[in-house]
Amino acid sequence: MRKDLSVFDIETVRRDFPILSRSVHGRKLAYLDNGATTFVPERVLAAVEEQYRSFQANVHRGVHYLSEQSTERVERVRFETAGFINANSPEEIVFTSGTTGSINLAARAFSDGILQQGDRVITTQMEHHSNLVPWQEACRRSGAELDIVHMTDEGELDLNELSRLLEKRPKLFAVAWVSNVLGTVNPLERIIPIAHAAGCPVLVDAAQAMRHGCVDVQALDCDFLCFSGHKIMGPTGVGVLYGRREWLERLTPASFGGGMIDEVDTKKSTFAEIPFKFEAGTPNIAGIIGLGAALRYLKDLGLPEIYAREAELLTYVGRMLGERGDLDVLGSPAERAGAISFNVRGLSCYDAAKLLDQLGVAVRSGHHCAQPLLKRFSLTGAVRVTPAFYNTREEIDALCSGLDRIAALLDNKR
Ligand code: PLP
């Protein structure tokens, strides 16, 4: 049974993130840019520091005590990460530099070993550039064609178009679970079976999905899933590529060097087993340790409570923005998570975000690395609000007061 939301003691939680109580421009900070990156709790900072302070030795390369300790600690995080997303085994977890690194790894492996001239790959108009440009490049290198699923006016994927494109027997469908601009939650539980019925594997960009609902790769039945540590209260520079075992075994490595080999001769080498064949060079050891601490922190806080609180806060932002007559909210998807974007009429998104910043409210402005999505709405930018579970209604009220101030300024200018 789910615990009541009241057990989520927000003041206690906020104390885990001292940065939340800092001020900017002499104002109390209201940080509503968690879609870009989240704050890091003390526990994660301590874990990273402890790794550097007391362990630090390189992994997989030594028999001495500290090297064995570092290796064991990293492999424990691999095991915990597999548990967190319910992967079948830790070998299905590849550590990368982030979602972008994960998708590039997959795209390179596909272009080098799977895609051939005339093959097809599908992605969508909704994607972050990180799940679009690597596939453009993979297609360019291999001679494959890239097909795009377009969006409806509501900001949802056109699933009829997807079905038609799947008839062309593509080699992969790469899709975001949650849009980083509109917050649209794509119905993967419907999409993945349709793709699989057409013989098409699915790569899920879960960068924005990890704090909004249970991520269970076996229940979802995806073939690949990518996410970043820094969007789930972990450090920057670390992320995960989950790949179904059969796929990881089939793919060729995308980068080469130490750590990923089995046997090296001057002219030829053989590669290690999964996941190590995809992890050339020294990994971000402290980052991985920090990621493990972040996953533990989220679990200890209570994942259902986190999902519920984030949903409640986003609903509140949506209601407050929806009640205003001076701005346009982008899209109206059936299910929204994590993000909501808008434009104040008569003001550029940059000016709106800059004015809000002066009042201590941190929101993101611009194209959010999703230019095709914005073009679909005939826009070049928008203001984006992305609350996290440690935010409060008061901080969203600060955003609304800021918008009132902007409205007053605009009125005075008219
Ligand atoms: N995909 C989506 C949906 C994102 O929102 C982001 C980052 O905002 C990325 C990919 C890229 O993540 P990273 O910069 O951590 O690699």
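Quick caveat: nothing in here was measured; it's all calculated off a predicted structure. Read the numbers this way: they start at 1 and go in the same order the structure lists the ligands and their atoms.
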Open item on the list: Considering non-hydrogen atoms of the protein only, which is the closest contact for atom 6 (C) of ligand 1, and what is the distance?
Closed with: H128 CD2, 3.2 Å
Task: N or O pair under 3.5 Å between S130 and ligand 1 - done: no
Task: Distance from atom 7 (C) of ligand 1 to nearest protein heavy atom, with residue and atom - done: K231 NZ, 2.8 Å
- [ ] May I ask you to decide if the ring planes of F276 and H60 are parallel, tilted or perpendicular, using 30° and 60° as cut-offs?
- [x] perpendicular
TODO: Kindly say whether the aromatic ring centers of Y297 and F17 come within a distance under 6.0 Å.
DONE: yes
Task: Atom indices of ligand 1 within 4.0 angstrom of S228 heavy atoms, with elements - done: 12 (O), 13 (P), 15 (O), 16 (O)
Open item on the list: Surrounding CZ of R78 (heavy atoms of other residues, nucleotides or ligands, distance under 6.0 Å), is the total greater than 12?
Closed with: yes
Open item on the list: Are there over 12 heavy-atom neighbours, none belonging to E189, within less than 6.0 Å of that residue's CD?
Closed with: yes
Open item on the list: Taking a cutoff of less than 4.0 Å between a non-hydrogen atom of the residue and any ligand atom, is E127 in contact with ligand 1?
Closed with: no
- [ ] Kindly compute the distance separating OH (Y242) from CZ (F227), expressed to the nearest 0.5 Å.
- [x] 12.0 Å
Open item on the list: Quick check: W247 with F110 (ring centres under 6.0 Å apart)?
Closed with: yes
Task: Subset of ligand 1 atoms that lie under 4.0 Å from at least one heavy atom of H230 - done: 13 (P), 15 (O)
TODO: Report, in ascending order of atom number, the atoms of ligand 1 lying under 4.0 Å from any heavy atom of Q208.
DONE: 3 (C), 4 (C), 5 (O), 8 (O)
- [ ] Just jot down the ligand 1 atoms closer than 4.0 angstrom to any heavy atom of T100, in number order.
- [x] 11 (C), 12 (O), 13 (P), 14 (O), 16 (O)
TODO: For the residue pair T71 and E68, confirm or rule out a side-chain donor-acceptor distance under 3.5 Å.
DONE: no
TODO: Measure the distance from atom 1 (N) of ligand 1 to every protein heavy atom, then report the residue, atom name and distance (to 0.1 Å) of the closest one.
DONE: D205 OD2, 2.5 Å
